[in-house]
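Written below as structure tokens is the structure these notes are about.
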Protein chains: 2
Amino acid sequence: MSFSITEENYIKAIFHLQHAEGTVSTNELAAELHTKAASVTDMLKKLKTKKLLSYEKYKGVRLSAEGKKLALGIVRKHRLWEYFLVDTLQFGWDEVHEVAEELEHISSKKLVEKLDAFLGHPKFDPHGDPIPDSNGKMAVQQHINLIDLSINKMAEVTGVGSQSTELLELLKHKNIGIGTRLEVKKTFSFDHSIEIKIKNQNAFTISQQLAQALFVKIV
Amino acid sequence: MSFSITEENYIKAIFHLQHAEGTVSTNELAAELHTKAASVTDMLKKLKTKKLLSYEKYKGVRLSAEGKKLALGIVRKHRLWEYFLVDTLQFGWDEVHEVAEELEHISSKKLVEKLDAFLGHPKFDPHGDPIPDSNGKMAVQQHINLIDLSINKMAEVTGVGSQSTELLELLKHKNIGIGTRLEVKKTFSFDHSIEIKIKNQNAFTISQQLAQALFVKIV
DNA sequence: AATTAAATTTAGACAAATCTAAAAATAATA
DNA sequence: TATTATTTTTAGATTTGTCTAAATTTAATT
Ligand SMILES: [Mn+2]
Ligand SMILES: [Mn+2]
Ligand SMILES: [Mn+2]
Ligand SMILES: [Mn+2]
């Protein structure tokens with residue numbers, strides 16, 4: 001069976017929202033997809049008949065095994081294309097999400113596999129998110145929030161919590177990106193800001209909000 | 001203004017059909033797009049209000065300057081993606097058309113320009129068709145049909161007249177591709193077959209049909 | 001428990017793109 | 001020129017995805 005771009009976007013949105021709770025509400029979906037609750041209800045009924053999810057009136061929705069498989073395929077394409085755009089075509093990581101939002105719907109299986117091979121089977125996309133392999137399996141990145149990193153432990157930035165232009169702008173200015181090595185030197189309880197040190201640079205402080213938007217792993 | 005995938009496919013089809021005659025008929029378009037004449041009429045009315053073409057009832061259709069510009073942009077994307085698929089991802093040239101049919105609708109201008117630069121601004125796609133530049137200009141390939149090539153003139157294959165799997169299969173078997181150098185050794189008036197010679201290979205004959213499906217330029 | 005508030009679903013309508021069948025215009029032929 | 005045949009357009013329906021407004025269900029408060 002094949003699915004429309006709209007159907008695929010719904011399935012992917014449910015997949016992402018599902019990770020928090022097990023079940024997703026109509027309003028959550030409407031917000032995520034910038035549409036109205038009534039439209040969501042209509043689409044859920046349709047996707048249920050296609051067996052991509054289980055749905056009972058007023059009870060929220062949950063992807064079926066088949067729905068999950070479809071979602072993982074779309075996420076795989078999305079993240080592979082993002083990797084391609086940044087790694088091969090030299091896009092900035094703030095510019096790639098929208099383009100990947102379109103490219104993820106290109107249907108050719110062969111294209112995905114050839115692209116994956118060309119890129120060298122990358123495990124993580126430019127935002128640090130894991131790329132599912134052709135079987136839907138993805139590496140579990142045991143990264144922690146920078147806010148929870150102990151003092152004087154060397155760590156590497158592995159991911160960002162958002163991909164807004166605003167965040168990127170700030171990270172560029174502070175010279176932080178995926179792969180940057182840093183350690184926390186001091187924490188301030190007044191505003192929960194933290195002082196960090198990057199090799200060959202002076203220590204500087206970053207806000208609580210920024211620290212919460214960064215994920216790191218200890219190295 | 002932005003256009004739907006369907007609208008873009010109509011514009012591109014008109015562009016291609018227009019090259020033969022100046023004006024395109026409803027039935028021609030219906031055949032090309034695998035749809036019905038009634039659907040074409042509806043769409044033509046719509047595209048006229050969008051000023052992409054001039055259209056009078058029963059009189060056929062012709063692209064406006066704006067329509068041509070849009071068409072050239074789509075053709076540019078189509079052929080750049082085909083080049084990418086063959087050159088970068090190692091697709092066979094028979095496998096790329098369908099995929100490019102989808103990729104040509106990805107809207108990002110920046111993507112097209114970055115892709116073009118990454119590929120080294122190629123002038124021709126894997127089928128020998130010219131790729132329009134960012135201003136819509138394309139190289140004029142003064143190639144001739146192999147059937148019209150004079151005897152003993154060294155020539156290089158620059159294009160194919162069709163991109164069917166059947167043709168590719170035959171060309172693969174005969175070891176002929178874009179760039180292959182050959183000369184005509186003899187022509188047979190009985191069946192209009194011709195004998196050709198490729199360097200370091202024995203001469204062999206090819207059918208009239210095959211010769212007509214090949215374009216060459218004298219080198 | 002009764003009332004109010006919030007979330008969700010239904011009812012009815014609309015735009016895009018398509019189709020079949022019938023009507024109208026143009027082209028071909030006798 | 002009159003009659004067919006072909007092409008093209010209109011009329012009316014259908015599917016997909018969306019919307020607003022109203023009704024219903026569930027959750028939260030008195
Ligand atoms: Mn998308
Ligand atoms: Mn990403
Ligand atoms: Mn297309
Ligand atoms: Mn081509």
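These numbers were taken from a predicted model, which means no experiment stands behind them. Protein chains get the first letters and strands the later ones, always in sequence-line order, with residue 1 at the start of each. Heavy-atom basis, side chains included; hydrogens, waters and symmetry copies ignored.
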Length of the line joining A:Lys48:NZ and C:dT9:P, which is rounded to integer Å: 11 Å
For A:Asn9, side-chain hydrogen bond (donor to acceptor under 3.5 Å, both in side chains) partners two or more places apart: A:His105
Salt bridge A:Asp116-A:Arg76, side-chain N to carboxylate O under 4.0 Å: yes
Within residues 90-101 of chain A or reaching into it, pairs that qualify as salt bridge (charged side-chain N to carboxylate O under 4.0 Å, His left out) - sequence neighbours excluded: A:Lys12-A:Glu101, A:Glu95-B:Lys110
Non-neighbouring partners of A:Phe15 that pass ring-ring contact (aromatic ring centres under 6.0 Å, His included), sequence neighbours left out: A:His19
N or O in side chain of A:Lys45 less than 4.0 angstrom from C:dT10 OP1/OP2: yes
Counterpart residues, side-chain contact (heavy atoms from CB on, under 4.5 Å), relative to A:Lys174 (two or more places apart): A:Leu170, A:Ile176, A:Phe204, A:Ile206, A:Leu210
By ring-ring contact (aromatic ring centres under 6.0 Å, His included) - contacts of A:His97 (at least two apart): A:His78
B:Thr41 side-chain N/O to D:dT9 phosphate OP1/OP2 under 4.0 Å: yes
Salt-bridge criterion met for B:Glu7 and B:Lys50 (N-O under 4.0 Å): yes
C:dT8 phosphate, OP1 or OP2, under 4.0 Å from A:Tyr55 side-chain N/O: no
Between C1' of C:dA16 and CD1 of A:Ile5, the distance in whole Å: 15 Å
Side chains of residues 135-151 of chain A: which donor-acceptor pairs under 3.5 Å do they make with residues two or more places apart or in other chains?
{"from": "A:His143", "atom 1": "ND1", "to": "A:Thr158", "atom 2": "OG1", "distance (Å)": "3.2"}
{"from": "A:Asn145", "atom 1": "OD1", "to": "A:Ile147", "atom 2": "N", "distance (Å)": "3.3"}
{"from": "A:Asn145", "atom 1": "ND2", "to": "A:Gln212", "atom 2": "O", "distance (Å)": "3.1"}

Nucleotide D:dA21, atom P - distance to NZ of A:Lys36 in whole Å: 10 Å
Pairwise salt bridge (charged side-chain N to carboxylate O under 4.0 Å, His left out) hits with a residue in residues 56-67 of chain B, at least two apart: B:Lys48-B:Glu56
Most 5' of A:Thr6 and B:Gly60 on DNA chain D, judged by nearest nucleotide: B:Gly60
Could you write out each protein N or O paired with an N or O of nucleotides 21-29 of chain C at a distance under 3.5 Å?
{"from": "C:dA25", "atom 1": "O4'", "to": "B:Tyr58", "atom 2": "OH", "distance (Å)": "3.3"}

Distance in angstrom units between B:Glu56 CD and D:dT8 P, rounded: 15 Å
Any A:Tyr10 side-chain N or O less than 4.0 Å from OP1/OP2 of D:dT18: yes
Strand contacts (DNA chain D) in residues 24-35 of chain A, 4.0 angstrom heavy-atom criterion: A:Thr35
Interatomic distance where CG belongs to A:Asp42 and C1' belongs to C:dG12 [whole Å]: 11 Å
